[in-house]
Every structure is written in C-alpha cells, then in structure tokens.
Amino acid sequence: MCSSIYKNKYSPAEAFIQIVDVYELIPKISFLDGCTHCGQCANYCLYGALELKESEK
Amino acid sequence: MDWFGYTGNILDIDLTENKVSVINEDVRDLKRFIGGFGMNCKLFADRFKPLTDPFSSKNFIIFGTGSLVGTIAPGSSRTVAISKFPATGAVANSCGSMSFAFNLKQAGFDHIIIAGKSEKPVYLLISDDHIELCKAKEIWGKDIVNTTNFLKKKHGSSGVIAIGQAGENLVKSSMTLIDKTSTLGRGGLAAIMGSKNLKAILTQGTKGIPIAEPKKFNKLYNRLIERIRNYPHRDSWIELGMLRSLPVGMLLTAKGQKKKARQCSDRMYLKKMKKRRIACPSCPMADKDILEIREGEFSSLITYTSSIINPLLMFTVDGLDTYNQAIKVFDLISRYGLDSLTMTALFEFISKMNERDILTNEKLGFEWKRDYKTFHHLIEITAKREGFGNLLADGWKKLVEENKTFSNETLTVKGLDIIFEPRFLRLGTMEFEQIVNPKGAHVASGGSPTYVGAGGSLDKMKSHFNRMGIPESAFSRIFSPPKKEMGVNVGRLTRYSEDWYTVLTSLGLCARAQMNRFFSLELVTELYNLITGFNLHQEELRLSAERSWNLLKLMNLKEGFSRKDDKFPSGWFKPLKMGENVLKFRDFYGEVIITQDIANKLLDDYYDERGWDKQSTYPTISKIKALALEKYF
C-alpha cells in the first residue's frame with residue numbers, strides 16, 4: 001500500500017517500510033528514510049501487526 | 001504499449017542451448033486466454049508435440065502468474081505450472097502460492113517457458129533483468145528446505161521453487177515446494193524439473209506493477225477488504241488455519257480412535273504444534289503454518305506446511321501413534337519433495353496387501369510393520385529408488401502392471417490416488433471432479449456449494465450459483481439429478497465449478513473456500529478491468545475460462561485419453577468400514593446409494609453440460625466453433 005500511495009504502483013521494493021525474512025521465524029521490519037509516518041501501513045495492516053502510536057519524548 | 005497489471009513479457013529459457021530470450025505478449029491472446037491458467041494452456045498447446053515422453057527434453061514446463069498477481073488484490077499470489085506429467089501421462093496445470101509468482105511479476109515477467117535439458121545441474125536466477133542459469137553443484141542432492149535456505153541466504157529475499165532428492169531421482173509422485181511451504185505439481189512436476197537438471201528457480205523483483213485505474217481500484221479494494229475484515233469467522237480462520245475446514249479429530253472419532261482424536265484437537269494444535277501463522281503476499285486470511293514439535297521425540301523440529309490438515313491426516317493412519325511421528329514423517333516427505341497424500345495411500349495399500357500375503361516381506365525385501373519406522377523407511381526407499389522403492393517411485397500405474405489384482409485394490413483415477421473419499425464425505429463436485437479432471441484425481445477446480453461439510457438447502461445454493469456466474473438457464477438442469485432424492489446433479493454442476501475455478505486460477509486468486517467466498521464473477525471482472533485497463537464483460541471472462549478448459553481437454557484427447565479413463569474407482573462401490581461404522585457411496589444429501597449406473601449417468605450429464613460427445617468426450621464441432629478453437633481441433 002505504501003508504494004501505491006507514494007509511487008503509484010505496487011512495488012514492495014520501493015515502499016518505505018521493508019520486511020525482511022518474511023517467511024522465517026522472526027521477520028524483521030524497518031522504516032527507510034523518506035517515511036513520512038503517515039500511518040497508512042498500520043491502517044491497512046490486515047493482522048494488526050503494525051500500530052500507530054504517539055511518539056514518546 | 002503501456003502495460004497495466006500484466007507485464008507483457010514471457011521469459012523463454014532453453015536449457016539445452018543455455019539461451020535466454022524474452023517474448024512479447026499479444027494483447028489479442030490475453031483477451032482470449034486469461035493469465036496463469038489460460039495463457040499457460042495456449043503457450044503449451046502452441047509448442048508441445050503430442051505423445052512426447054514427459055521426461056524427454058522436448059517436454060516443456062511453463063510457469064504462469066495470474067493477471068492480478070503482483071498487486072494487492074486480496075489473495076492474488078498463485079503460480080500455475082503446466083507440463084505433461086509422468087504419473088499420469090496427462091497434460092495438466094498445477095497451482096501453488098507463496099511469493100514466487102509475486103516476485104516473478106515484480107521482476108517483469110508473466111510467464112516462464114522452460115525447454116530442453118541442461119547438461120549439468122543448474123538453477124535459474126531471475127532478478128529483475130538479470131537472468132542467469134547458475135551451477136547447482138552445491139545444492140544438487142540437498143533436500144528442499146536446505147536448498148531453499150541456501151538460495152535465499154546467497155541471493156537475499158526471493159521466491160523459490162525447489163525440488164528435493166525425489167525430483168532428482170525422477171520419482172513420479174514428486175512435487176516441488178514454493179518457499180518450502182506451498183506444494184506445486186502433484187503427479188511429478190519435480191521429476192520433470194529433475195529430468196531437465198533444473199534444481200530450482202529463484203525470483204526477485206523490484207519493478208512494481210502499475211495499474212490502469214488506481215483510484216477506482218483502491219476504492220473497490222477498500223470496500224472488499226472491509227468486508228473481509230468484518231467476516232465474523234476470520235479470526236478463527238487465522239487462529240486455526242486449515243484445521244477450521246476439516247477437524248481431523250472428527251475423522252479419528254469416526255474411526256473409534258478417541259485417544260488419537262484428542263491429540264489433534266484445536267487446543268492441542270494451538271498448544272503443542274503451532275509456531276507461527278504465515279500468509280501469501282496480499283492474503284488477508286493467513287492459513288499456512290510454521291509448526292514446531294515442542295516436546296517428546298523429535299522435539300525442536302520445525303516444519304512448514306500450506307495446510308495443517310496434511311500432517312494431521314497422516315496421523316489418521318494406523319501405525320503412527322503420536323502427532324509428533326506424523327509431523328516428523330510429513331517433514332521428511334516435504335524435504336524429499338514427495339506427495340504426503342500419495343505416501344499415506346501407499347503406506348495403507350502396502351499394509352493391506354501385506355496383511356493379505358499378496359505383498360509378502362520377501363517381495364518387499366524387508367519386514368513390513370504398521371509403525372513409524374516402516375513408514376520412515378518407505379519414504380526413504382521411494383525417494384532414493386532403493387529396492388522395492390524403485391517400483392513405487394514409478395507410480396500407481398506401474399504398480400498395477402506388476403500385479404493385475406492391485407487394480408481392484410487401488411483408489412486411483414488415471415494414475416493419481418484420490419484426495420477426497422466420497423464414502424466418508426458423500427458425492428459433491430470436489431469428489432466428482434476427481435474422475436473427470438484431465439489430470440487425474442485432482443480437485444483444483446471442483447469446489448462449489450457442495451464443499452466438505454457445507455450442506456445447505458437447494459435454495460441457498462442458488463445464491464452461490466449466481467456468485468459463480470452460472471447462467472440461470474442451467475439451474476433447472478443442475479437441479480435435475482438422475483434420482484430426484486439427490487437434489488443436485490453434481491455432474492452438471494461440476495462443469496460450472498471448473499469454469500469458475502479456472503477464472504480464479506487464471507487471475508491468480510486464491511481458490512480456498514474462506515477466500516473465494518468473497519469473490520463473484522462480477523467482482524473479479526471489475527478487479528481485472530480496473531487493474532489491466534481491459535474492458536471485458538464478465539461473460540467474456542467466463543468464456544475464456546471455458547475456452548482454456550476445452551483446450552486442456554483437447555491436448556489430453558491427443559494424448560489418448562477418453563471416457564474409459566474417467567473411471568470411478570471400483571472400491572467406491574464397496575462399503576468402507578470405519579471403526580464401528582460402515583459407510584456407503586452416497587449422494588451429497590445421503591439419500592441415494594450411488595450405483596455404477598447412476599455414476600455413468602452423472603458422467604453423461606457432465607459431458608452433455610460441457611458440450612462434449614458422451615462416448616469419445618471430444619468437444620462437439622459447435623462447441624469448438626463457439627470457443628474459436630478450430631486451430632487446436
């Protein structure tokens with residue numbers, strides 16, 4: 001969804017959220033520079049694995 | 001031209017010449033033959049010479065992606081592979097999921113055509129425009145899990161189709177696994193890859209898929225995904241996975257094995273087996289499993305499966321005493337790249353023949369027992385073609401040739417063992433489709449409102465018929481079975497189930513009941529048009545599915561298949577003893593015992609509904625003309 005919003009195509013490689021080893025026991029999630037914290041990945045996450053929270057100072 | 005949804009490219013690999021080229025797709029073809037299933041059939045029919053040996057370098061394997069794969073259309077991740085299969089000698093499509101097709105599409109290809117035979121073992125690397133046949137010396141001889149792990153470690157995140165030792169040894173019941181999880185190619189696809197010295201294919205893509213109408217698509221997507229999110233049973237599907245569709249404990253209870261039934265209850269599965277749920281790209285229903293044995297023998301073993309039912313069904317076999325043993329043999333089967341259904345059927349069959357002194361220990365070359373150790377040994381000798389395993393590796397057909405009395409004892413169709421037993425489940429379209437599917441006992445296209453346990457009134461069926469795009473003019477025929485009490489004519493209904501599932505497979509959409517319940521022909525046509533920019537009517541989509549199915553049939557008629565091969569296993573007409581219960585072959589509502597005469601009438605009705613001659617099973621001239629398939633007739 002991230003790439004669809006920002007790049008107008010479906011391309012996980014160009015998304016600002018990256019998931020590595022998705023089928024391994026512990027997948028790793030990272031956010032790249034350029035992520036605007038728009039929260040759409042959390043909104044669209046079908047499993048509630050991502051949650052939008054206020055940042056803690 | 002600008003491509004949306006599709007990439008417009010077909011990768012053409014000649015293993016003999018070590019040559020890679022790219023073919024551009026023709027839009028006119030894509031409007032007649034849709035996506036994974038449809039274009040696979042067309043590409044294969046245009047190249048394949050009938051009666052070619054499946055292991056000849058002249059056999060092809062064509063991998064296809066569905067038209068919606070690579071996007072976020074829910075449940076759109078399917079890979080389709082067509083070839084001539086060694087277990088049956090039939091030309092057939094097989095389907096799998098996980099991330100292979102998604103990555104292939106993202107790399108910029110809709111299909112891969114594999115021709116020829118490599119001189120030495122290789123694997124095919126597709127990383128965007130970088131296409132390379134790499135030496136497979138380090139992985140030849142390794143099992144599927146180790147091969148996949150090796151390739152992912154070496155090349156990074158990717159989709160991987162790999163074969164195990166069974167494929168290398170040309171075992172006819174071998175299969176491939178996608179991402180070490182999803183089975184692909186029942187009936188020997190792995191052996192075909194093995195015959196070509198092709199150990200694996202790895203795809204990784206970063207190009208992205210543009211779609212024609214992004215705003216309208218997103219609106220439709222949001223509406224659809226909201227329906228799925230609000231589906232009241234979604235949470236339990238995600239919690240229990242495929243165990244929700246068939247509580248295996250119920251089967252064991254019916255067999256009178258309550259102690260074993262308790263070992264595979266929902267609670268035991270959650271507490272003792274489930275490690276993590278995994279989903280294919282774009283899937284909102286995550287029903288695949290990473291399993292872990294937490295205690296007892298084989299403790300700490302981790303294995304992957306596309307359905308928890310597969311290892312648990314092995315647990316229903318007399319001789320495996322604990323679920324740990326079932327998961328262990330399942331893991332071994334997966335690693336070698338064998339078929340868990342076939343191995344279970346073989347274990348049952350040999351046990352019975354051994355008990356009746358037809359297959360003696362002397363003939364087998366070892367002492368046969370109904371226990372874990374023997375099952376383990378059976379898997380090893382089959383995968384490695386050792387001793388009696390060499391005969392088993394050549395499949396059911398060869399086994400029956402060795403001893404004609406076996407033909408009345410095996411439950412097979414065209415050389416593939418059955419998946420669904422109608423004496424337990426009754427005769428729905430999935431059970432019936434095993435007879436008429438060109439591939440043999442296979443059910444990729446047999447789902448309908450007669451799904452396992454679905455039941456339901458005839459009125460309720462109508463709403464599903466509408467969803468599947470069945471024309472109302474066919475309803476009265478579908479509700480006219482050979483005996484009135486049967487309610488529904490599964491022969492006639494199967495024709496429309498096949499068309500509906502061919503649409504889903506062509507688009508790359510998940511066919512599992514918990515996902516396809518959200519789809520209708522109208523909805524998937526809308527998704528297809530918004531993504532591709534084509535403007536097809538839903539009837540054109542249905543017609544393209546029918547065209548593809550007829551083309552597949554024509555290819556198999558040229559291989560010599562006819563009505564004689566659409567044969568109900570004789571065992572189905574005999575009672576099945578399950579514990580204290582004696583089960584008979586009955587219709588879907590359990591009202592009528594299915595006799596050979598009724599079975600023949602259902603076959604007549606199926607061919608009639610298809611527009612095929614009842615004796616030769618050739619499509620009639622008018623059907624060929626209506627589908628514009630004259631070129632292939």
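Every value quoted in this text rests on a predicted model; they were computed, and no experiment measured them. Labels below follow one simple rule: chain letters A, B, ... track the order of the sequence lines, proteins then strands, and each chain is numbered from 1.
The structure places CE of B:Met285 at 7.5 Å from OH of A:Tyr47, a figure rounded to the nearest 0.5 Å. Taken from CG in A:Leu25 to CD1 in B:Ile290, the straight-line distance is 5.0 Å, to the nearest 0.5 Å. Taken to the nearest 0.5 Å, the OH atom of A:Tyr10 stands 7.0 Å off from the OG1 atom of B:Thr71. One finds the CD1 atom of B:Ile72 at 5.5 Å from the OG atom of A:Ser4 (value rounded to the nearest 0.5 Å).
Heavy-atom pairs under 4.5 Å with chain A peak, among B:Pro74, B:Gly70, B:Ala286, B:Ser157, at B:Ala286. The candidate with the highest count of non-hydrogen atom pairs below 4.5 Å against chain A, out of B:Cys283, B:Pro214, B:Gly205, is B:Cys283.
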Yes or no on side-chain contact (heavy atoms from CB on, under 4.5 Å) for B:Thr181 and A:Tyr23, after CA distance, side-chain angles and deciding distance? CA-CA 9 Å; B:Thr181 305; A:Tyr23 295 131; 5.8 Å; no
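B:Asp2 CG: 12 or fewer foreign heavy atoms inside a 6.0 Å radius.
Proximity to chain A is absent for every atom of B:Ile228, based on heavy atoms less than 4.5 angstrom apart. For a residue to count as touching a neighbouring chain, one of its non-hydrogen atoms must lie under 4.5 Å from one of that chain's; by this rule B:Arg234 touches chain A with the side chain only. B:Asp235 does not touch chain A: none of its heavy atoms, backbone or side chain, sits under 4.5 Å away. Both the backbone and the side chain of B:Pro281 come within contact range of chain A, with heavy atoms under 4.5 Å apart. For B:Ile278, the part lying near chain A is the side chain, with the backbone staying farther off; criterion is any non-hydrogen pair under 4.5 Å. Interface remark: B:Phe4 contributes no atoms to any contact with chain A (heavy atom separation under 4.5 Å).
Side-chain atoms of B:Lys152 do not come within 3.5 Å of backbone N or O of A:Asp21 as any donor-acceptor pair.
Summarising the geometry of B:Arg276 relative to A:Pro27, their closest heavy-atom pair is NH2-CG, 3.4 Å, with the distance given to 0.1 Å. When all heavy atoms of B:Lys207 and A:Ser11 are compared, the closest pair comes out as C-OG, 4.2 Å.
A salt bridge is defined here as a Lys NZ or Arg NE, NH1 or NH2 lying under 4.0 Å from an Asp or Glu carboxylate O, and B:Lys180 with A:Glu24 meets this definition.
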